[in-house]
Number of protein chains: 2
Amino acid sequence: MDVRITSEDGEAVSLRHGLLGLLAEGPASGYDLARRFEEHLGPVWPAQHPKIYAELSRLSDAGMIEVDSHGPRGRKAYRITDAGLAEIRRWLTEEKVDHTLRIESVLRSFFFWLMETDDLQAHLRREQEFFAETAAVARGYAAAKDRGDFGTSEQTRSMRVAIEAANRIYQALADWAEWAQTVPPAVPAGDGED
Amino acid sequence: MDVRITSEDGEAVSLRHGLLGLLAEGPASGYDLARRFEEHLGPVWPAQHPKIYAELSRLSDAGMIEVDSHGPRGRKAYRITDAGLAEIRRWLTEEKVDHTLRIESVLRSFFFWLMETDDLQAHLRREQEFFAETAAVARGYAAAKDRGDFGTSEQTRSMRVAIEAANRIYQALADWAEWAQTVPPAVPAGDGED
DNA sequence: ACCTCACATGTACTTAGGGACATGTACCTT
DNA sequence: AAGGTACATGTCCCTAAGTACATGTGAGGT
């Protein structure tokens, strides 16, 4: 009897493990999890509520989680089981990391040569602004954590590490967008800088 | 008659535009495009050949591309049409950027508190090594470009910008993984650093 | 009493993504 | 002449993701 819930062979499927990980902190409903995904994991791992409810059913069927309590408006809180805890730990330590990135901003940059100079500069300014703002939000979270606003539990220490990643990535992208604005658009003659 | 090929409303679907962008540089076959995705766009936008061939059919049906030539082993090279060029330009300037990231390494970091200290340190060392190596590869490409190995066309200038993004992102992730190793695992008593 | 909003869960449908499978050809080496 | 490798294109099928739609409840304000 194989209780592993990775599709067929040993591949990733991280939403599933994201849910397990969040439930490892304590019981929560689909609604709670959808909000936590949106608020905290959203920037690095998007998930919509239909997918979350569907995954919760699957995890429940697989015995990884079970209903912990029924609340007010049909609310169903799930609790992680020992099997679920073992699975998230197995995933974290044994399953190899999928390093695939998927960054539309960078994909677009391959095709900047197709854009008018003015449009491109405007685009890069908007990008820089967006990334800088997002980095600032991350720094705000980091500062709040360092002030102790979220307590000092192990979970929030991990959260601090994740926030640091968001901060560094968005800052890197903001700096990149700024730098890109200084790259001259094209060399008119054989004579340019460099 | 609506020639726009975004699914229903005005949303992203970037593989399609990635193909259009590559074809804007000149005719290429599905096989060529699959390799270029793998080699160049792979790190920021993965695509497998079945998806590419399927998209080429759709783009062809939509009049965005057309068969340019037939080659040796059933090879079919496609050429971008004026409509296709207009579409990629429209996408670049009018369509708003999807800033969704999807970084499993960072998702995992939310759950580091579930890992044994030794496993976590080993994991972070591997992550640091991977990101540092990938950043080094990007730097190598950047240096080759700056030496003029790829010529000085507008396309390669855009490529240089994209490479710079890869370099900065991977370096940020490498630095992050290194930094994370210095974060003390847990506070045993109420007395720690911070 | 009514209204509105946040809470709460789900179904249905469509597209995107990715692995496995299938097929065949030109070229190059031995 | 045979065999291997890179070239080249595709189908099939299942899973993941994402949008729209549908439904209902409890709490708080007016």
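Just the heavy atoms: all of them, side chains too, but no hydrogens, waters or symmetry mates, feed the values below. Chain letters run A, B, ... following the sequence lines, proteins first, then strands; residues in each count from 1.
The side chain of Arg75(B) places an N or O atom within less than 4.0 Å of a non-bridging phosphate oxygen (OP1 or OP2) of dA8(D). For the OP1/OP2 pair of dA8(D) and a distance below 4.0 Å, the side-chain nitrogens and oxygens of Arg35(B) include no atom meeting the criterion. Taking 4.0 angstrom as the limit, Tyr31(A) places a side-chain polar atom (N or O) nearer than this to OP1 or OP2 of dC7(C). For dG17(C), one of the phosphate oxygens OP1 or OP2 lies less than 4.0 angstrom from a side-chain nitrogen or oxygen of Arg102(A). For Lys51(B) and dG17(C), the shortest distance from a side-chain N or O to OP1 or OP2 is below 4.0 Å. Contact between the side-chain N/O atoms of Ser29(A) and the OP1/OP2 oxygens of dC7(C) is not found at any separation under 4.0 Å.
Note: CG (Leu56(A)) to C1' (dA8(C)) measures 13 Å, nearest angstrom. Rounded to whole Å, the distance from CG on Asp98(B) to P on dA16(C) is 13 Å. A straight line from NE2 of His17(B) to P of dT15(C) spans 16 Å, rounded to a whole angstrom. Nucleotide dT15(C) holds its P atom 11 Å from the CD atom of Glu55(B), rounded to whole Å. Put simply, CG on Leu15(B) is 9 Å from C1' on dG17(C), counting in whole angstrom units. Between the P atom of dA8(C) and the OH atom of Tyr78(A) lies a distance of 14 Å, rounded to the nearest Å. In this structure, Tyr53(A) places its OH atom 18 Å from P of dA17(D), rounding to the nearest Å. In this structure, CZ of Arg58(B) is placed 7 Å from P of dT15(C), rounded to the nearest angstrom.
The two residues Ala47(A) and Leu15(A) have their closest heavy-atom pair at CB-CD1, 3.7 Å.
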The test is ring-ring contact (aromatic ring centres under 6.0 Å, His included); show your working for His99(A) and Phe130(B) and say whether it passes.
CA-CA 9 Å; His99(A) 287 114; Phe130(B) 172 82; 3.8 Å; yes

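Of the two residues near DNA chain D, Thr100(B) and Ala54(B), the one whose nearest nucleotide lies more 5' is Ala54(B).
Between the side chains of Glu38(B) and His49(B), no donor-acceptor pair is found at a separation under 3.5 Å.
Here Glu55(A) pairs with Arg58(A) in a salt bridge; the nearest charged N to carboxylate O distance falls below 4.0 Å.
The side chain of Arg73(B) approaches dA6(D) more closely than any other nucleotide in the set dG26(D), dT11(D), dA6(D). Comparing dT19(D), dT9(D), dA26(C) by their nearest atom to the side chain of Pro50(A) picks out dT19(D).
A donor-acceptor contact shorter than 3.5 Å links the side chain of Thr81(A) to the backbone of Gly63(A).
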